[in-house]
There are 2 protein chains.
Amino acid sequence: MTDINQLAEPAPPRAPASKAETAPERSFVELIELFFFAYRDFVGDPDEILAPFGFGRAHHRVLHFVNRNPGMRVTELLDILRITKQSLGRVLRELVDEGFVESRAGAADRRQRLLYPTTKGEALARDFVAIQSRRIASALGECGPDAEDAARRFLVAMIDREDRAEVERLVHRAQAARPPSA
Amino acid sequence: MTDINQLAEPAPPRAPASKAETAPERSFVELIELFFFAYRDFVGDPDEILAPFGFGRAHHRVLHFVNRNPGMRVTELLDILRITKQSLGRVLRELVDEGFVESRAGAADRRQRLLYPTTKGEALARDFVAIQSRRIASALGECGPDAEDAARRFLVAMIDREDRAEVERLVHRAQAARPPSA
DNA sequence: GATTTATGTCAGTCATGTTGACTTTTTTCA
DNA sequence: TGAAAAAAGTCAACATGACTGACATAAATC
């Protein structure tokens with residue numbers, strides 16, 4: 001083995017000082033890079049839609065999850081996005097100001113602000129899902145018939161164990177009841 | 001079907017004004033969200049390693065690709081990362097200043113600056129690959145035996161068609177010859 | 001010798017994130 | 001009932017990593 005290949009693949013010998021000395025660990029550098037490039041193109045899709053509105057990717061994420069969880073509280077959104085209240089604040093204010101999201105006080109607990117997409121917001125969120133779904137449909141079409149299931153299982157398994165329950169709940173739950181639509 | 005479900009799944013009726021009216025398009029909102037959460041955790045892994053050095057994710061990306069392609073030109077790196085010369089400049093300068101990357105004039109074309117990882121740089125890049133490989137290994141372990149192949153094919157298929165050849169070349173090519181190691 | 005290429009740099013801006021401190025409103029609970 | 005806690009919002013300052021535009025230098029090419 002030449003020194004050249006040691007550069008390419010970390011190679012078994014030296015364990016990365018964090019685990020007991022068991023089997024030599026395998027490098028998945030190929031998948032690491034494919035994941036990088038795939039995600040880059042995947043999140044790039046909505047950019048063209050976003051641009052005309054003067055919105056960025058942060059707006060995409062916020063609108064997406066509000067649309068998927070109408071009546072969501074601000075705190076839930078913060079937990080999902082893992083950003084600070086101040087960061088969310090700016091983006092959310094813009095979405096509200098421009099009429100994509102509506103925020104209403106909760107009926108049961110009036111401290112809460114429940115977030116709802118407006119008709120305009122729903123339409124935009126639909127466009128985001130549509131463009132990314134087209135990429136996924138095309139990708140799955142190229143792979144075998146079991147590709148969808150395999151992709152789903154792989155992606156779930158890539159998520160931190162302690163977050164999986166919450167993510168699965170979020171992704172699969174039936175939509176919350178529609179608000180007393182304004 | 002209630003109006004509630006129309007929120008959750010865009011529903012076939014209205015095509016997103018960009019394609020001929022063929023079959024109603026299917027929504028892959030579930031995979032969209034799983035991809036988001038999986039990538040979030042995936043890129044979060046290196047953060048703990050980065051922090052002690054005062055480096056960010058930009059440093060991770062640059063060092064990774066320099067390490068994987070020793071002797072790479074600055075222009076190639078710009079093409080891969082799709083950022084501007086000015087953006088790369090700062091990050092690269094820090095990596096050079098702190099002894100993780102070395103830049104040498106090309107032997108054939110002396111305008112070029114060829115980028116090489118130092119021993120220290122290689123070690124750090126190895127740690128990045130190791131921590132992300134552990135996540136991948138664990139994920140694949142949870143899925144079936146064909147999971148690796150399925151994941152690879154899915155990720156490749158998610159990349160823009162026109163970039164695939166270049167990405168595959170980058171990911172699979174044998175490492176460039178080692179420099180006349182300083 | 002003129003032009004092009006590869007690289008670097010100065011200056012300013014923007015998007016999106018961060019901390020820390022503080023306020024207001026409302027609910028909870030001892 | 002009154003104190004504490006919770007949900008949300010806001011002000012200010014700052015960090016990171018992008019961007020544009022303009023320009024400089026060295027070296028290769030035609």
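Each chain gets a letter, A, B and so on, in the order the sequences are listed, and its residues count up from 1.
For DNA chain D, the residues of residues 78-88 of chain A within the heavy-atom distance limit of 4.0 Å (strictly under) are A:K85, A:Q86, sorted by number. Within a heavy-atom distance below 4.0 Å of DNA chain D, the residues of residues 33-57 of chain B found are B:G56, B:R57. Within residues 105-113 of chain A, the residues approached by DNA chain C to less than 4.0 Å at the level of any non-hydrogen atom are A:A108, A:D109, A:R110, A:R111, in residue-number order.
Taking the charged nitrogens against the carboxylate oxygens, B:D41 and A:R164 have no contact shorter than 4.0 Å, which rules out a salt bridge.
In summary, the aromatic rings of A:F28 and A:F35 are positioned with their centroids too far apart to meet the 6.0 Å limit. Centroid-to-centroid, the aromatic rings of A:F154 and B:F154 stay 6.0 Å apart or farther. Outside the 6.0 Å centre-distance limit, the rings of B:Y39 and A:F42 are not counted as a close aromatic pair.
Tested against A:F55, the residues A:L63, A:V91, A:L50 include a single side-chain contact (heavy atoms from CB on, under 4.5 Å) partner, A:L50.
Judged by distance alone, with hydrogens and angles left aside, the side-chain atoms of A:R40 form no donor-acceptor pair with the main-chain N or O of B:L81 at under 3.5 Å. The backbone N or O of A:G99 lies less than 3.5 Å from a partner atom in the side chain of A:T118, making a donor-acceptor pair. Checking side-chain atoms of A:K85 against main-chain N and O of A:V74 turns up no donor-acceptor pair under 3.5 Å.
In this structure, A:R90 reaches the bases: a heavy-atom distance under 4.0 Å links it to at least one base atom across the strands shown.
Note: CZ (A:R93) to P (D:dG9) measures 10 Å, nearest angstrom. Between the CZ atom of B:R73 and the P atom of D:dA27 there is a distance of 17 Å, given to the nearest Å. Taking atom CG of residue B:L114 and atom P of nucleotide D:dA27, one finds them 14 Å apart after rounding to whole Å. Put simply, CG on B:L95 is 14 Å from C1' on D:dT16, counting in whole angstrom units.
Contact annotation: A:H59 reaches the phosphate of C:dT16 (side-chain N/O to OP1 or OP2, under 4.0 Å).
For the side chain to side chain donor-acceptor pair (under 3.5 Å) condition, the pairs that include at least one residue of residues 49-58 of chain B, sequence neighbours left out, are B:D47-B:R57.
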Only pairs under 3.5 Å count here: list side-chain donor-acceptor contacts from residues 143-151 of chain B, not counting sequence neighbours, and write none if there are none.
unit_1 : atom_1 : unit_2 : atom_2 : d
B:E148 : OE1    : A:R26  : NH1    : 3.0
B:E148 : OE1    : A:R26  : NH2    : 3.4
B:E148 : OE2    : A:R26  : NH2    : 2.6
B:D149 : OD1    : B:R152 : NH2    : 3.4

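Applying the side chain to side chain donor-acceptor pair (under 3.5 Å) criterion to B:R135, with sequence neighbours excluded, gives A:D160, B:D45.
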